[in-house]
Structure formats: C-alpha cells, structure tokens
Amino acid sequence: MGCRFSIATIKHLLDVATEFKNDDIRTKKLGLTEDKLAFYDLLSANEKIINQAGSILDLVHKVVALVKKNLQLDWTKKEDARSAIRLAVKKELKGKVPFSELDNLLKEVQE
C-alpha cells in the first residue's frame, strides 16, 4: 500500500509553505521575531481601536517585553502566570484601547 496524497492535500501543503515563507519575509521586513509577529498581527488587526501616539511596533515590543518578564517556568503555577501576564498587558493597553474592547483583546493576546 503506497502513500497517496490527493491534489487538495498537496495544494494545502503548498499554501502552508507559502504562508510560512511570507511570515519569514514579514518578520525580516518588520524587524520582529516570530513571537512578536503574532502580537503585531493581533494588534494590527485591531489597529482601529488602538489609541496611541506611537506605532504598533512600539506597542508590540512593550507588550512582548511585559509577557516575557511575567512568564514563569513553574508550570504548577500556570494560572498565576496567566493572571500576571493578563494584568501586565492590561496595564500597558489601558488608555490605548477602549475599555469595552479591552477584554476581547486580552483574550486574544492570551491565546
């Protein structure tokens, strides 16, 4: 029994490879790491609700720095780490994102 791939499967794999290549290009162009690119995409998608003087890139660097600062390697305290990250990000986004949109954005950041 040989390995069979359908045309749809092959097309999907090619699409995924193209997406990875495009992400690599965007990462280099924006001067971001892969983890920062995810935040950049999230905040850019919500750019219309963000009220700040600086660029989205500046906010991305601040949010990622806060997340990394609050990460704990002790997975037994996973909920504590999640709460600390949520609080740190909320403090950074407070005043830059309307209060009504803040919880939704925080949920996306945690994901």
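Numbering starts at 1 and runs along the sequence shown. The basis for the numbers below is simple: all heavy atoms, side chains too, and nothing from hydrogens, waters or symmetry mates.
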Would you give the length of the straight line joining atom [atom1] of [X] to atom [atom2] of [Y], rounded to the nearest 0.5 angstrom?
X: Leu14; Y: Thr9; atom1: CG; atom2: OG1; value: 11.0 Å
X: Lys11; Y: Thr18; atom1: NZ; atom2: OG1; value: 8.5 Å
X: Glu19; Y: Arg26; atom1: CD; atom2: CZ; value: 9.5 Å

(Q) Clusters formed by hydrophobic residues whose side-chain heavy atoms approach within less than 4.5 Å: which one holds Phe20, and what are its other members? (A)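 Listed partners: Val16.
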Q. Mind checking what makes side chain to side chain contact (heavy atoms under 4.5 Å, CB included) contact with Lys90, not counting sequence neighbours?
A.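 Lys90 satisfies side chain to side chain contact (heavy atoms under 4.5 Å, CB included) with Leu102, Leu106 only.
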Q.
Which residues pass the side chain to side chain contact (heavy atoms under 4.5 Å, CB included) test with Ile25, not counting sequence neighbours?
A.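 Once residues adjacent in sequence are excluded, the partners of Ile25 under the side chain to side chain contact (heavy atoms under 4.5 Å, CB included) criterion are Lys21, Asn22.
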